[in-house]
Amino acid sequence: MSETVFAQNFLTTLSSRPVKLSADHVEDARNFPARSPYILPRMPKPMTKTTSSSSAPGQERSITLHLKSARNPVLDLKLTSQPLGTSVLDIKNEIQKQTRIPVEKMKLLHNKRPVGDSKVLKDLIGEDASANSLEFSVMVLGGAAAIPPLEAEAAASAGQELPPLETEAFWSDLKSFLMQRLKDEKQAENLSKLFKSSYDSSQSKP
């Protein structure tokens with residue numbers, strides 16, 4: 001009987017105490033069990049530092065272009081300091097200035113794949129920020145026969161001066177202008193053909 005009374009008094013004493021700790025309760029940190037510090041495991045591969053372009057403010061990065069053709073006509077050109085915003089059409093125009101190959105007779109290949117005139121060098125480099133050069137293969141439709149004779153010599157041999165609208169250089173410049181304005185290679189080519197056919201038909205009328 002005495003044990004029952006003791007148990008009842010003990011439970012009564014416990015019930016009178018608060019269940020939650022008071023707001024000003026402080027635990028002595030010296031009573032905490034000792035624990036070893038947690039260290040994150042090492043990564044299997046070290047992280048690589050990202051390198052940004054070292055161009056000065058206001059200075060656009062440029063690269064060197066190597067243009068080669070093993071077929072007739074054989075070409076080996078080098079264009080230095082070309083901005084990343086240079087389009088494939090601009091490269092073709094520069095090739096035409098140096099070799100007189102018409103733009104419409106040229107195709108540029110990068111990694112053995114044809115590249116459209118609207119592409120820029122930045123698209124071809126991709127995410128390789130360390131690349132400082134690109135190599136293109138030049139394919140000339142019709143070979144060396146596609147290169148027209150010098151206009152001055154042709155006009156002198158004919159004894160007359162060619163009108164500006166009847167030269168291939170004019171229609172090539174017109175196509176380049178339309179390409180830069182429209183940003184659409186196919187539409188620019190269709191419009192330049194339409195203008196040329198309209199001019200030819202007007203010249204054929206008496």
Asks: Between Gln82 (side chain) and Ser62 (backbone), is there a donor-acceptor pair under 3.5 Å?
Replies: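 No, Gln82 side chain to Ser62 backbone: no donor-acceptor pair under 3.5 Å.
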Asks: In Å and rounded to the nearest 0.5 Å, what is the CG to NZ distance from Asp117 to Lys107?
Replies: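 Nearest 0.5 Å value for the CG-NZ distance: 8.0 Å.
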Asks: Under 3.5 Å, side chain of Asn190 to main-chain N/O of Lys186, donor-acceptor pair present?
Replies: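 Checked: pair present.
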Asks: Quick check: do Leu77 and Thr99 have side-chain heavy atoms less than 4.5 Å from each other?
Replies: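 Contact flag for Leu77/Thr99 side chains = yes.
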Asks: Can you tell me how far the CD atom of Glu189 sits from the CG atom of Asp184, to the nearest 0.5 Å?
Replies: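 Reported to 0.5 Å precision, the distance equals 10.5 Å.
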Asks: Using modelled atom types and a 3.5 Å cut-off, is there a donor and acceptor pairing between side-chain atoms of Ser69 and backbone atoms of Val138?
Replies: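 Flag set: sc Ser69 to bb Val138 pair under 3.5 Å.
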Asks: Heavy atoms, side chains only, cut-off 4.5 Å: are Gln96 and Asn93 in contact?
Replies: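 SC-SC contact between Gln96 and Asn93 confirmed.
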Asks: List the atom of Leu121, the atom of Pro83, and the distance in Å for their closest heavy-atom pair.
Replies: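 That would be CD1-O, 3.3 Å.
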Asks: Does the pair Asp200 and Lys196 meet the rule for a side-chain contact (heavy atoms from CB on, under 4.5 Å), with working shown?
Replies: CA-CA 6 Å; Asp200 294 339; Lys196 189 175 188 304; 3.4 Å; yes
Asks: Looking at Phe32, I'd like to know if its CZ atom is crowded, meaning that more than 12 non-hydrogen atoms belonging to other residues, nucleotides or ligands lie closer than 6.0 Å.
Replies: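 For Phe32, atom CZ is crowded (more than 12 foreign heavy atoms under 6.0 Å).
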Asks: Linking I/L/V/M/F/W/Y whenever any side-chain heavy atoms sit under 4.5 Å apart, do Leu67 and Val120 land together?
Replies: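 No.
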Asks: Looking at Ser118 and Glu185, what are the two nearest heavy atoms and their distance?
Replies: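 Of all heavy-atom pairs spanning Ser118 and Glu185, the closest is N-OE1, 4.4 Å.
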Asks: Quick one: does Asp123's side chain have a donor or acceptor within less than 3.5 Å of a partner on Lys119's backbone?
Replies: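 Checking the backbone N and O of Lys119 against the side chain of Asp123, no donor-acceptor pair under 3.5 Å is found.
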Asks: Let's go through Ile91 and Leu79 carefully: what are the C-alpha distance in whole Å and the side-chain angles of both, what is the deciding distance for side-chain contact (heavy atoms from CB on, under 4.5 Å) to 0.1 Å, and is it a yes or a no?
Replies: CA-CA 9 Å; Ile91 300 173; Leu79 304 179; 4.2 Å; yes
Asks: Are Ser133 and Ile63 close enough, and set up right, to give a side-chain contact (heavy atoms from CB on, under 4.5 Å), and what steps lead you there?
Replies: CA-CA 5 Å; Ser133 64; Ile63 61 175; 5.6 Å; no
Asks: What are the two closest non-hydrogen atoms of His110 and Leu124, and how far apart are they?
Replies: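 Minimum heavy-atom contact is NE2-O, 4.1 Å.
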Asks: Answer yes or no: is there a donor N or O on one side and an acceptor on the other, between the side chain of Lys92 and the main chain of Met106, under 3.5 Å?
Replies: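 Yes; at least one donor-acceptor contact below 3.5 Å.
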Asks: Any non-hydrogen side-chain atom of Phe136 less than 4.5 Å from a side-chain atom of Leu65?
Replies: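 Yes - at least one pair of side-chain heavy atoms lies under 4.5 Å apart.
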Asks: Hydrophobic cluster membership, with links at side-chain heavy-atom distances under 4.5 Å among I/L/V/M/F/W/Y: are Leu75 and Val88 in one?
Replies: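 The answer is yes; both residues are in one hydrophobic cluster.
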Asks: Check the hydrophobic clustering (I, L, V, M, F, W, Y; side-chain heavy atoms under 4.5 Å; chains of links allowed) and say if Leu84 and Leu89 are grouped together.
Replies: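 Result: yes, single cluster for both.
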